[in-house]
Trainee: 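The structure is given below, and queries will be raised subsequently.
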Amino acid sequence: LKINYQTLTDIINIKYKIFFPIKKFLSKEDFYSVVKKKELANGVFFPFPIFFSLNKDIDNKLKNKKDIQIIYDKTIVCKLKINSFYKVNKKKTGRKIFNTSNLNHPGYKNFVDSGSYNLDCEITKFNKNILKKIEFLDPNKIKKIIKKRKIKSIVGFHTRNVPHKAHEWIHLFGLKKCDGLLVQPMIGQFKKNEYKRDCIISSNKKLVDKIYNKKNILFGTFNSYPRYGGPREAVLHAIVRKNYGCTHFLVGRDHAGFRSFYKKYESQNFCKQNEKKIKI
């Protein structure tokens, strides 16, 4: 089965525990529990469903299979061990996740277009060579650097943009609270007219390495894609940074939002409300 870039990054982020406590693509029980209650079926807090979608034609072809070989750009990625298939009303479910049914919302539209069948499956026989095709940062690498440099508290900074003066102010604000800073742009865009990956990486890396040039300020990438999920996604981004070793996370004014679909400071308020559950 051939997959797109978004699904590839989801597989890698599950495999390397970047989406922990998620360990596999969600089962029906976990999927609906996350959508309705923002927690897994076992009660563990998790705000945003991570799922593997198929359309009906592919679903029928795979119904009797125990596992599927996954291909990206002519390279084997892994095998997915199939537990079950389940149908999802993406329009109805998407409204609960994104708080809108407006197809002008790119996250909602991407969700609706993703196929009506989800696959409850586990990642097996992962091919590490696939990492050569993408920009990827192993969380263990960052955690080792944090430990080696004896950084006791470190704040994560998320962006999809090239750096600018306001970012520099936010970085300094974070460093007033913490011993260290991780500048970690997300680099898997799917919407037109946004900054290209290479531009985001090179500009943020130059800021950290050449302009800041301090042992307590680190650079890394988060290879995923914007879901435009507002408050839910802001919390997901905080969980990701915790899994990268951060003790704190900076939440933007309209973090992971899109136009006027979410209220002012809604993402910040939601993160603050769930701070104890997130444990960052």
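Note that these values count all heavy atoms, side chains included, but never hydrogens, waters or copies made by symmetry. All values derive from a computational prediction rather than experimental measurement.
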Trainee: Would you call D179-K214 a salt bridge at under 4.0 Å N-O?
Mentor: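 Looking at D179 and K214, the cut-off is not met.
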
Trainee: With a cut-off of under 6.0 Å to the ring centre and 45° to the axis, is R95 in cation-pi contact with F98?
Mentor: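 That pair does not qualify as a cation-pi contact.
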
Trainee: Please determine whether a side-chain nitrogen of the Lys or Arg among D73 and K133 lies less than 4.0 Å from a carboxylate oxygen of the Asp or Glu.
Mentor: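 Looking at D73 and K133, the cut-off is met.
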
Trainee: Yes or no on side chain to side chain donor-acceptor pair (under 3.5 Å) for S53 and N118, after CA distance, side-chain angles and deciding distance?
Mentor: CA-CA 4 Å; S53 275; N118 281 2; 2.7 Å; yes

Trainee: Is there a side chain to side chain donor-acceptor pair (under 3.5 Å) between S114 and K90? Walk through the geometry before answering.
Mentor: CA-CA 8 Å; S114 63; K90 287 290 176 70; 2.7 Å; yes

Trainee: Do N216 side-chain atoms and G180 backbone N/O form a donor-acceptor pair below 3.5 Å?
Mentor: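 No, N216 side chain to G180 backbone: no donor-acceptor pair under 3.5 Å.
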
Trainee: Hey, does the side chain of T159 reach the backbone of N161 with a donor-acceptor pair shorter than 3.5 angstrom?
Mentor: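 Here the side-chain-to-backbone pair exists.
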
Trainee: Using modelled atom types only, decide if a donor and an acceptor are shared between the side chain of D30 and the backbone of L26 within a distance under 3.5 Å.
Mentor: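 Here the side-chain-to-backbone pair does not exist.
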
Trainee: Which heavy atom in P49 sits nearest to a heavy atom in V35, and how many Å separate them?
Mentor: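 For P49 and V35, the tightest heavy-atom pair comes out as CG-CG2, 4.2 Å.
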
Trainee: I'd like to know if I280 and F20 are part of one continuous hydrophobic network [Ile/Leu/Val/Met/Phe/Trp/Tyr, side-chain heavy atoms within less than 4.5 Å].
Mentor: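 The answer is no; the residues belong to distinct hydrophobic clusters.
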
Trainee: Should N243 and P139 count as side-chain neighbours, where that means a heavy-atom distance under 4.5 Å?
Mentor: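 Heavy-atom side-chain distance check fails, nothing below 4.5 Å.
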
Trainee: Treating Y244 as the side-chain partner and G220 as the backbone partner, does any N or O pair qualify as donor plus acceptor under 3.5 Å?
Mentor: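 Answer holds: no.
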
Trainee: Please answer whether the main-chain N or O of G115 pairs with a side-chain N or O of N55 as donor and acceptor at a distance below 3.5 Å.
Mentor: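 No; zero donor-acceptor contacts below 3.5 Å.
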
Trainee: Crowded around Y212 OH? As in, over 12 foreign heavy atoms under 6.0 Å?
Mentor: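 Yes, enclosed.
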
Trainee: Might you point out which heavy atoms bring D120 and S27 nearest each other, and give the distance in Å?
Mentor: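 Here D120 and S27 meet closest at OD2-CB, 3.1 Å.
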
Trainee: Would you find a donor on one side and an acceptor on the other, under 3.5 Å apart, between the side chain of H105 and the backbone of Y228?
Mentor: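 Answer holds: yes.
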
Trainee: Does any N or O in the side chain of R253 come within less than 3.5 Å of the main-chain N or O of K264, such that one atom is a donor and the other an acceptor?
Mentor: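 A pair under 3.5 Å: no.
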
Trainee: Under 4.5 Å between any side-chain heavy atoms of Q69 and I76, yes or no?
Mentor: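 Yes. Closest side-chain heavy atoms under 4.5 Å.
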
Trainee: Looking at CG of N110 and CG of L103, how far apart are the two atoms once the value is rounded to the nearest 0.5 Å?
Mentor: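 Output value for this atom pair is 11.5 Å.
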
Trainee: In sequence, state the C-alpha distance, the side-chain angles, and the governing distance for Y225 and D10, and then conclude on side chain to side chain donor-acceptor pair (under 3.5 Å).
Mentor: CA-CA 9 Å; Y225 54 94; D10 281 345; 2.9 Å; yes

Trainee: Under a single-linkage definition using a 4.5 Å side-chain heavy-atom cutoff for Ile, Leu, Val, Met, Phe, Trp and Tyr, are I97 and F19 assigned to the same hydrophobic cluster?
Mentor: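 Looking at the clustering, F19 is in the same group as I97.
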
Trainee: Hey, could you give me the CD1/SG distance between I3 and C78, rounded to the nearest 0.5 Å?
Mentor: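 Between I3 CD1 and C78 SG, I get 7.0 Å after rounding to 0.5 Å.
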
Trainee: Side chains of T7 and N4: is there a donor and an acceptor less than 3.5 Å apart?
Mentor: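 There is such a pair (donor and acceptor under 3.5 Å, judged by atom type) between the side chains of T7 and N4.
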
Trainee: Looking only at heavy atoms, what is the nearest atom pair of S224 and T9, with distance?
Mentor: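 Taking S224 first and T9 second, the nearest heavy atoms are CA-OG1, 4.0 Å.
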
Trainee: Taking the side chain as every heavy atom from C-beta outward, state whether Y5 and I134 have any atom pair closer than 4.5 Å.
Mentor: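 In short, these two side chains touch, coming nearer than 4.5 Å.
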
Trainee: Kindly write out the residues that satisfy salt bridge (Lys or Arg N to Asp or Glu O under 4.0 Å) with D209, not counting sequence neighbours, or none if the list is empty.
Mentor: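 With sequence neighbours excluded, D209 shows a salt bridge (Lys or Arg N to Asp or Glu O under 4.0 Å) to K205, given in chain and number order.
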
Trainee: My understanding is that only one of Y86, F85, F52 makes a ring-ring contact (aromatic ring centres under 6.0 Å, His included) with F25; could you say which?
Mentor: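 For F25, the ring-ring contact (aromatic ring centres under 6.0 Å, His included) check succeeds only for F52.
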
Trainee: Would you compute the distance between atom OG of S260 and atom NZ of K263 and round it to the nearest 0.5 angstrom?
Mentor: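 It comes to 12.5 Å.
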
Trainee: Can you confirm whether the side chains of Q184 and R241 place a donor and an acceptor under 3.5 Å from each other?
Mentor: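 A donor-acceptor contact under 3.5 Å links the two side chains.
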
Trainee: How about CZ on R149, more than 12 heavy atoms from neighbouring residues, nucleotides or ligands closer than 6.0 Å, or not?
Mentor: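 Check passes, neighbour count above 12.
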
Trainee: Rounded to the nearest 0.5 Å, what's the gap from CG on N140 to OH on Y16? Could you check?
Mentor: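 So the gap between those two atoms works out to 9.5 Å.
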
Trainee: Group every Ile, Leu, Val, Met, Phe, Trp and Tyr by side-chain heavy-atom contacts under 4.5 Å, then state whether I201 and I18 land in the same group.
Mentor: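 Different hydrophobic clusters.
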
Trainee: Near K196 NZ, under 6.0 Å, is it more than 12 heavy atoms from other residues, nucleotides or ligands?
Mentor: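 No - once you tally the heavy atoms of other residues, nucleotides and ligands closer than 6.0 Å, there are 12 at most.
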
Trainee: Where the side chain of N274 meets the backbone of K277, is there a donor-acceptor pair that is under 3.5 Å apart?
Mentor: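 Looks like no, no N/O pair under 3.5 Å.
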
Trainee: Of the non-hydrogen atoms in S267 and A234, which two are nearest, and what is the gap between them?
Mentor: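 Where S267 meets A234 most closely, the heavy atoms are CB-CB, 3.8 Å.
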
Trainee: Examine L181 and V162 and state if one hydrophobic cluster contains both, with Ile, Leu, Val, Met, Phe, Trp and Tyr joined whenever side-chain heavy atoms are less than 4.5 Å apart.
Mentor: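 The answer is yes; both residues are in one hydrophobic cluster.
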
Trainee: How far does CD1 of I123 sit from CD1 of I12, to the nearest 0.5 angstrom?
Mentor: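 These two atoms lie 9.5 Å from each other.
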
Trainee: For D138, enumerate each residue passing the salt bridge (Lys or Arg N to Asp or Glu O under 4.0 Å) test, keeping only those at least two apart in sequence or located in another chain.
Mentor: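 Here no residue qualifies.
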
Trainee: Taking all atoms of both residues into account, what is the closest heavy-atom pair of L207 and P163, and its distance?
Mentor: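 Heavy-atom minimum between the residues: CD2-CB, 3.8 Å.
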
Trainee: Quick check against the 3.5 Å criterion: does E39 have a side-chain atom that pairs as donor or acceptor with the backbone of F46?
Mentor: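 No: the side chain of E39 does not pair with the backbone of F46.
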
Trainee: Whether the N127 and Y72 side chains hold a donor-acceptor pair (N or O, under 3.5 Å, no angle test) is what I'd like checked.
Mentor: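 On atom types as modelled, these side chains do not qualify, holding no pair under 3.5 Å.
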
Trainee: Got a donor-acceptor contact below 3.5 angstrom from the K279 side chain to the T247 backbone?
Mentor: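 Checking the backbone N and O of T247 against the side chain of K279, no donor-acceptor pair under 3.5 Å is found.
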
Trainee: Counting only heavy atoms not in K24 (residues, nucleotides, ligands), do more than 12 fall under 6.0 Å from its NZ?
Mentor: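 Counting other residues, nucleotides and ligands, NZ of K24 exceeds 12 neighbours.
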
Trainee: Taking R160 first and then E194, would you say they form a salt bridge - that is, a charged N and a carboxylate O separated by under 4.0 Å?
Mentor: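 Looking at R160 and E194, the cut-off is met.
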
Trainee: So among H237, Q268, E266, which one has a side chain to side chain donor-acceptor pair (under 3.5 Å) with H255?
Mentor: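 Considering H237, Q268, E266, a side chain to side chain donor-acceptor pair (under 3.5 Å) with H255 is found only for H237.
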
Trainee: Could you measure the distance from the OG1 atom of T100 to the CZ atom of F258? Nearest 0.5 Å is fine.
Mentor: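 Between atom OG1 of T100 and atom CZ of F258 there are 10.5 Å.
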
Trainee: Can V240 be reached from I146 by stepping across I, L, V, M, F, W or Y side chains whose heavy atoms are under 4.5 Å apart?
Mentor: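 Per the 4.5 Å side-chain linkage, I146 and V240 are co-clustered.
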
Trainee: In terms of heavy-atom contacts, does NZ of K242 have more than 12 from other residues, nucleotides or ligands at under 6.0 Å?
Mentor: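 Atom NZ in K242 is packed in, count exceeds 12.
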
Trainee: How close do G257 and Y262 get, heavy atom to heavy atom, and via which atoms?
Mentor: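 Taking G257 first and Y262 second, the nearest heavy atoms are CA-CD1, 3.7 Å.
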
Trainee: Could you tell me if the ring centre of F136 sits under 6.0 Å from that of F222?
Mentor: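 Not under 6.0 Å, so no.
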
